[in-house]
Amino acid sequence: MGRPTRWILIGSLLFLVAYQHFTINRVTKHADAVIHQMETEYGKRVDDLQKVIADKKAVEEELNQAKNELSSIESTLGQAQSQLSALGDRDKPLIEKVNTLLESRQILEKRVALLTSEKESLDKKFQDISALKQAIKEIKQRRVEEKKRSLKNKDRQLLIAGNR
């Protein structure tokens, strides 16, 4: 091997070493950038998961509060129902009285309606003058008939009393 070949070989080897060094540096920088990007993505994911966990804890606390409120409302409802049933037992006689009063009110309302209709029919009857004159004649005739009856009864009593 001659000198120029050696120098070519040494130069080639140096070039290869420099190229490998450059390539390794470039690959390392790229790998570092990818690793850094992955670290930031995983950091974001971890932050998101921590937020989800915190939200879940907050929701669980709200759920527990709601359960506690529900149980207190249920106990209050039970107390109110027992008080209501006690009031219902106490007020049964009053309710019965109210029902009877309502029934008697309905009866009275029917009676008032009947009397009102009778009054209206009488008003219609006496609105007409000729009907009024006829009613007056009928009343006079009744009085005359009543007087005749009472006179007959008196005559009979006198006859009976005189025959004795």
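All residue numbers refer to positions in the sequence shown, counting from 1. Computation of the quantities below employed the complete heavy-atom set of this structure, encompassing side-chain atoms and omitting hydrogens, waters and symmetry-equivalent molecules.
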What is the distance from atom CD of Glu74 to atom CD of Gln81, rounded to the nearest 0.5 Å? 10.5 Å

Name every donor-acceptor pair, under 3.5 Å, that has one atom in a side chain of residues 144-159 and the other anywhere in the protein, sequence neighbours excluded.
from   : atom 1 : to     : atom 2 : distance (Å)
Ser150 : OG     : Glu146 : O      : 3.3
Ser150 : OG     : Lys147 : O      : 2.8
Asn153 : ND2    : Arg149 : O      : 3.4

Listing, residues 93-101 side-chain donor-acceptor contacts under 3.5 Å, not counting sequence neighbours, or none:
from   : atom 1 : to    : atom 2 : distance (Å)
Asn99  : ND2    : Ile95 : O      : 3.3
Thr100 : OG1    : Glu96 : O      : 3.3
Thr100 : OG1    : Lys97 : O      : 2.7

Spacing of Ile139 atom CD1 and Gln134 atom CD [to the nearest 0.5 Å]: 10.5 Å

Side chain to side chain donor-acceptor pair (under 3.5 Å) pairs touching residues 8-25, sequence neighbours excluded, are His21-Asn25

Looking at side-chain heavy atoms only, is the closest gap between Arg111 and Ile107 below 4.5 Å? no

Lys140 side, atom NZ; Lys137 side, atom NZ - distance, nearest 0.5 Å: 9.0 Å

Taken in chain and number order and not counting sequence neighbours, the residues that satisfy side-chain contact (heavy atoms from CB on, under 4.5 Å) with Leu49 are none

Quick one: pull up CG in Asp48 and CD in Glu41 and give me the separation to the nearest 0.5 Å. 11.5 Å

What distance separates Ile10 CD1 from Thr5 OG1, expressed to the nearest 0.5 Å? 10.5 Å

Same hydrophobic cluster for Met38 and Val46, using side-chain heavy-atom links shorter than 4.5 Å among ILVMFWY? no

Check: Asp47 and Lys44 side chains under 4.5 Å, non-hydrogen atoms: no

Report, one line per pair, each donor and acceptor closer than 3.5 Å where one atom sits in a side chain of residues 63-72; sequence neighbours left out.
from  : atom 1 : to    : atom 2 : distance (Å)
Asn64 : ND2    : Glu60 : O      : 3.4
Asn68 : ND2    : Asn64 : O      : 3.3
Ser71 : OG     : Lys67 : O      : 3.4
Ser71 : OG     : Asn68 : O      : 2.7
Ser72 : OG     : Glu69 : O      : 2.7

List in chain and number order the residues that pass side-chain hydrogen bond (donor to acceptor under 3.5 Å, both in side chains) with Glu109, two or more places apart in sequence or in another chain; answer none if no residue qualifies. Arg105

How many angstroms lie between atom CZ of Arg45 and atom OG1 of Thr40, to the nearest 0.5 angstrom? 10.5 Å

